[in-house]
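As structure tokens, the structure follows; a few thoughts come after it.
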Amino acid sequence: VLIGGYVVIQSIFRISIQDKIQSYGQLRTIGATPKQIRRIVKRESRRLGGTGILLGVLLGVLGGLLLFPKGFHGAYYGLAVLLTALACWFMVSISVRAPVKIAAGISPLEAVRFSAGQERIRSRKKRIRLTPVSMGLANFRRDRKKAVSIAASLSLGGILLLIVSSVVLTRSPEQAARLFFPDGDYKIYLSSEQPEEEIMAVGNPLNDELRQEILSVDGVTDVLVTRQSLHAKFGTSASTEAGMCDALTDTNRPDVEAALVSGAMPADAHSVLLGTSYQKRHPEMDVGASMELSLGQEAVTVTISGLFDPARMTNGHGALAMDSAALFAPAALFRELHPEIGAFDYSWSIVNDPQKAERVENALEEIMSSRSNLGLDTIGAHIEYEKMQNSIIFGGMRAISWLIFQFGVVNLINMTLSNQMSRKRENSILRSIGLTRKQLCRMNICEGLCYAAFAALAALLAGLPMAVVVCREVSRQSFAGEIVPYQFPSLEMGLFLLVLFGLEFLLSAWTASRQQKQSLIEQMRAVE
């Protein structure tokens with residue numbers, strides 16, 4: 001936003017100064033110094049900037065109050081207002097530095113001779129045939145700084161939109177949710193306020209009777225034991241933590257080995273693996289360190305043989321996955337501490353026919369209604385949560401990208417109005433020597449489409465490499481190191497290009513229509 005605002009403000013003041021350059025020259029003629037001219041332009045920028053900042057702050061505070069009336073905190077809002085005002089004031093001050101130098105550095109004689117829109121076009125040795133298209137291209141090239149400024153302000157929004165839309169396609173809610181459901185669309189797990197070891201000791205509800213009842217449901221093809229786990233407390237004399245401790249089994253051992261980042265797999269019953277997130281918070285919990293581990297009421301001293309990446313072991317339940325594995329311990333340690341428990345099953349994965357998913361979900365909900373201490377986790381709930389996250393995070397960024405694009409639109413409209421006023425003499429001369437209104441319209445449209453094409457090309461050339469790099473990093477972080485193939489956001493970028501070229505065409509047509517309403521004599525009189 002700061003970059004977009006800087007480009008737009010600088011361009012608008014630059015165009016405004018070009019329109020007023022003869023007035024500044026007249027002031028220089030009657031004795032005004034460059035310092036006084038500089039003060040005039042700075043005072044104008046302070047007045048406009050102060051008004052804009054005040055209106056923006058008032059609208060921002062009002063919007064925040066309407067959206068979060070219970071969360072309105074005067075001190076925090078005051079700090080936010082102060083930081084916003086300082087940032088915007090700095091942006092305005094930096095943006096007007098170059099236009100101020102232009103206004104203060106021009107001499108009275110140069111100001112009298114200067115006419116905006118009649119900047120020198122670089123000569124070429126090769127002669128060019130004068131056509132509406134060639135003259136439109138010449139108009140586009142006559143002030144390269146202005147052309148680059150307009151195209152940059154238009155392309156900034158497109159670059160951000162391209163990156164955000166690409167990330168949304170990379171981090172699809174369905175793929176993110178599937179990480180938690182590699183086998184089927186549903187999971188059944190222990191969910192109770194009672195400790196897991198107490199529930200399992202009196203008879204684990206995840207038993208053969210429940211398995212057979214689930215397998216009898218039309219559409220269910222298999223029931224897999226995905227986790228054997230107990231709630232654990234662990235720590236050293238310096239710090240303690242709590243979380244789920246999963247048993248190492250033949251089923252999950254390959255996945256755990258793949259997630260291992262340092263150390264080695266447990267070689268005995270009193271060795272465990274710890275998640276790296278805990279080691280980062282507590283450096284003393286590192287490979288080779290000893291700590292106290294409690295599974296329920298029973299405690300034992302264990303050694304940390306290795307650290308694993310929790311992002312690669314996404315096995316929690318619920319949208320937030322709060323019960324993901326914090327540790328992995330050999331199954332022998334579970335049997336040693338709790339010989340009274342026959343089965344440590346904590347979670348089952350229900351493999352189902354995708355065509356009968358709705359029927360399976362209804363049947364599982366009916367089964368769960370008659371049993372306590374059990375919870376049903378569905379891939380649909382995870383997908384909805386991921387969609388909600390995407391809409392909050394990436395929806396806001398998309399809105400910012402369109403906001404920045406609007407900065408460029410304001411810049412473009414201002415430039416179009418300035419060109420229309422400054423080129424009246426030039427256009428009237430062209431019409432007097434035979435240029436028709438239709439040819440004049442084609443010339444304006446060609447110039448406008450050059451801005452759109454340059455902005456679109458800049459957005460693609462600059463935004464596409466950035467989008468690919470960002471998507472690779474997002475894919476690596478979201479999918480445990482897996483790189484998802486890049487997908488180009490055709491719909492979003494197609495809409496962006498449609499708006500960009502459509503806006504340019506409408507502005508060019510409007511300019512031509514305005515010129516057609518005045519006769520050649522009226523235009524020449526207006527110039528005089």
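We count residues from 1, following the sequence as given.
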Pairing residues for N252 by the side chain to side chain donor-acceptor pair (under 3.5 Å) criterion, not counting sequence neighbours
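By the side chain to side chain donor-acceptor pair (under 3.5 Å) rule, N252 matches T249.
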Using the test side chain to side chain donor-acceptor pair (under 3.5 Å), find all partners of K233 that sit at least two apart in sequence or belong to another chain.
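Expected list: none.
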Residue list, ring-ring contact (aromatic ring centres under 6.0 Å, His included) with [X], at least two apart or on another chain:
X	result
Y186	none
Y385	none
Y6	none

Atom pairs and distances, side-chain donor-acceptor, residues 194-205, under 3.5 Å, sequence neighbours left out:
from, atom 1, to, atom 2, distance (Å)
N204, OD1, L206, N, 3.0
N204, ND2, A343, O, 3.1
N204, ND2, D345, O, 2.9

Considering all heavy atoms of both residues, which atom of [X] and which atom of [Y] are nearest to each other, and what is their separation?
X	Y	value
N315	K187	O-NZ, 4.4 Å
A289	E284	CB-O, 3.3 Å
T303	S290	OG1-OG, 3.9 Å
E292	T301	OE1-OG1, 3.2 Å

Which of these, D309, I304, L307, sits in a side-chain contact (heavy atoms from CB on, under 4.5 Å) with S262?
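Of D309, I304, L307, side-chain contact (heavy atoms from CB on, under 4.5 Å) with S262 is met by L307 alone.
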Could you tabulate the donor-acceptor pairs under 3.5 Å formed by side-chain atoms of residues 172-181, not counting sequence neighbours?
from, atom 1, to, atom 2, distance (Å)
S172, OG, Q175, N, 3.2
R178, NH1, F181, O, 2.9
R178, NH1, G184, O, 3.2
R178, NH1, D185, OD1, 3.2
R178, NH2, D185, OD1, 3.0

Can you give each donor-acceptor pair under 3.5 Å made by side-chain atoms of residues 455-474, sequence neighbours left out, with the distance rounded to 0.1 Å?
from, atom 1, to, atom 2, distance (Å)
E473, OE1, R476, NH1, 2.9
E473, OE2, Q477, NE2, 3.0

Do any pairs count as a ring-ring contact (aromatic ring centres under 6.0 Å, His included) and have a residue in residues 200-235, sequence neighbours left out, and if so which ones?
F234-Y278
Atom pair CD/OG1 of Q279 and T276 - distance to nearest 0.5 Å:
7.5 Å
Kindly list each side-chain donor-acceptor pair under 3.5 angstrom involving residues 316-342, sequence neighbours excluded, with atom names and distances?
from, atom 1, to, atom 2, distance (Å)
H317, ND1, D323, OD2, 2.8
H317, NE2, S347, OG, 2.8
D323, OD1, H317, N, 2.6
D323, OD2, Y346, OH, 2.8
S324, OG, G316, N, 3.2
S324, OG, A321, O, 3.2
E336, OE1, H270, NE2, 3.1
E336, OE2, H270, NE2, 3.2
H338, ND1, E340, OE2, 3.0
H338, NE2, L295, O, 2.6

Tabulate below the donor-acceptor pairs under 3.5 Å that side-chain atoms of residues 486-497 make, not counting sequence neighbours, or state none.
from, atom 1, to, atom 2, distance (Å)
Y486, OH, S166, OG, 2.8
E492, OE2, R398, NH2, 3.2

Pairs of donor and acceptor atoms involving the side chains of residues 77-99, under 3.5 Å and at least two apart or interchain, shall be tabulated with distances.
from, atom 1, to, atom 2, distance (Å)
T84, OG1, A80, O, 2.7
S93, OG, W89, O, 2.8
S95, OG, M91, O, 2.6

